[in-house]
There are 2 protein chains.
Amino acid sequence: MSPFLSHMDLALAEARAAAARGEVPVGAVLIAPDGSIAARAGNRSRELSDPTAHAEILVIREACARLKTERLPGFDLWVSLEPCPMCAAALSNARIRRLYYGAGDPKSGGIAQGPRIFSHAQCHHRPEVYDGQQAGAAARLLSEFFARRRD
Amino acid sequence: MSPFLSHMDLALAEARAAAARGEVPVGAVLIAPDGSIAARAGNRSRELSDPTAHAEILVIREACARLKTERLPGFDLWVSLEPCPMCAAALSNARIRRLYYGAGDPKSGGIAQGPRIFSHAQCHHRPEVYDGQQAGAAARLLSEFFARRRD
């Protein structure tokens with residue numbers, strides 16, 4: 001294993017921080033075309049009373065606001081869990097270049113299952129998708145979180 | 001025709017105001033369970049540099065922030081155009097009760113076509129859907145807007 005933190009390590013750290021705040025543990029990191037970290041976030045929908053405040057949406061909003069743009073061509077997004085349909089469609093709207101995600105999400109995922117957001121003529125931009133990035137770590141985080149909530 | 005403004009008339013007025021700001025002309029009105037207007041908005045994605053700032057998302061965020069909640073059960077949303085997949089999934093996440101929309105959107109719609117957001121096991125709440133509300137007026141607004149943009 002590399003001694004350096006990968007982009008997915010950072011996304012997982014954001015997911016753990018979200019869990020510590022009582023949010024669903026999902027974290028995302030947005031990488032600019034020059035390789036720098038444009039934004040990082042975990043879910044904050046409870047804290048912000050905002051059902052759209054998923055990690056992916058938060059990093060897109062932050063980068064777009066800073067760059068005063070609606071589109072982020074050349075930007076890559078790393079996220080610990082397969083995005084839901086809302087986030088998948090937002091990634092498309094924002095023209096994200098590549099999407100790397102950890103665990104698949106049979107319950108709520110919108111890319112490899114269910115509505116398969118990128119697989120329709122109504123989708124006008126399809127990021128390249130790389131799934132299964134450190135999938136075990138992301139899946140463990142989620143299952144531990146939901147097991148604790150059931151206690 | 002009634003001498004009073006309907007919810008869809010208000011949504012169309014928001015769509016016209018959006019067009020006047022150079023935004024895609026879509027407007028939305030959110031009605032609280034007691035029948036009062038909880039929020040109204042038109043698209044502001046250009047103005048806010050936010051690809052998620054569609055009319056539907058703006059009214060949901062405004063009402064949730066004011067009520068300090070992530071969910072709006074019993075709320076109904078009126079919108080001039082068929083929601084895109086991002087907005088359709090956000091309506092589901094927010095537990096909106098009924099969705100009334102104007103024109104269908106073969107190009108970018110996410111409800112009656114393409115990913116059909118409410119038609120999968122990964123969708124955990126399905127609003128009741130009433131389409132075709134003053135559809136002609138909403139469709140005219142859009143076609144006039146895009147005709148002007150092509151000039």
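Just so it is clear: chains get the letters A, B, ... in the order the sequence lines come, proteins before strands, and each one is counted from 1.
- The environment of CZ in Arg126(A) is crowded: more than 12 heavy-atom neighbours from other residues, nucleotides or ligands sit within 6.0 Å.
- Of all the listed residues (Ala90(B), Ala63(B), Ala121(B), Cys123(B)), the one sharing the greatest number of non-hydrogen pairs under 4.5 Å with chain A is Ala90(B).
- For the options Ser92(A), Ser45(A), Ser49(A), Ala89(A), heavy-atom pairs under 4.5 Å to chain B are most numerous at Ser49(A).
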From CA spacing to verdict: side-chain contact (heavy atoms from CB on, under 4.5 Å), Ile60(B), Asp50(A): CA-CA 8 Å; Ile60(B) 289 172; Asp50(A) 181 353; 5.8 Å; no
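- Heavy-atom distances place the backbone of Thr69(A), and not its side chain, under 4.5 Å from chain B.
- Distance CG/Leu91(B) to CE/Met86(A): 10.5 Å, rounded to 0.5 Å.
- For CZ of Arg140(A), the number of neighbouring non-hydrogen atoms (other residues, nucleotides, ligands) closer than 6.0 Å is 12 at most.
- Between chain A and the options Gly109(B), Ser108(B), Cys84(B), Gly114(B), heavy-atom pairs under 4.5 Å are most frequent for Gly114(B).
- The hydrophobic cluster containing Ile57(B) does not contain Ile96(B), counting ILVMFWY residues as joined when their side-chain heavy atoms lie under 4.5 angstrom apart, directly or transitively.
- In this structure a side-chain-to-backbone donor-acceptor pair under 3.5 Å is present from His124(B) to Lys107(A).
- Annotation for Arg71(A): atom CZ does not count as buried by contact number, only 12 or fewer foreign heavy atoms lying within 6.0 Å.
- Contacts of Arg46(A) with chain B are made by both backbone and side-chain atoms, with heavy-atom separations under 4.5 Å.
- Asn93(B) approaches Pro51(A) most closely through the heavy-atom pair ND2-O, 4.1 Å.
- One hydrophobic cluster, built from ILVMFWY side chains closer than 4.5 Å, cannot hold both Leu58(B) and Leu67(B); they sit in different ones.
- Both Leu99(B) and Leu81(B) belong to a single network of hydrophobic side chains, linked directly or stepwise wherever heavy atoms of I, L, V, M, F, W or Y lie under 4.5 Å apart.
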Derivation and outcome, side-chain contact (heavy atoms from CB on, under 4.5 Å), residues Arg61(B) and Leu48(A): CA-CA 10 Å; Arg61(B) 292 180 73 195; Leu48(A) 300 177; over 6 Å; no
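- Although no hydrogens or angles enter the test, the distance criterion places a donor-acceptor pair under 3.5 Å between the side chain of Gln122(B) and the main chain of Pro106(A).
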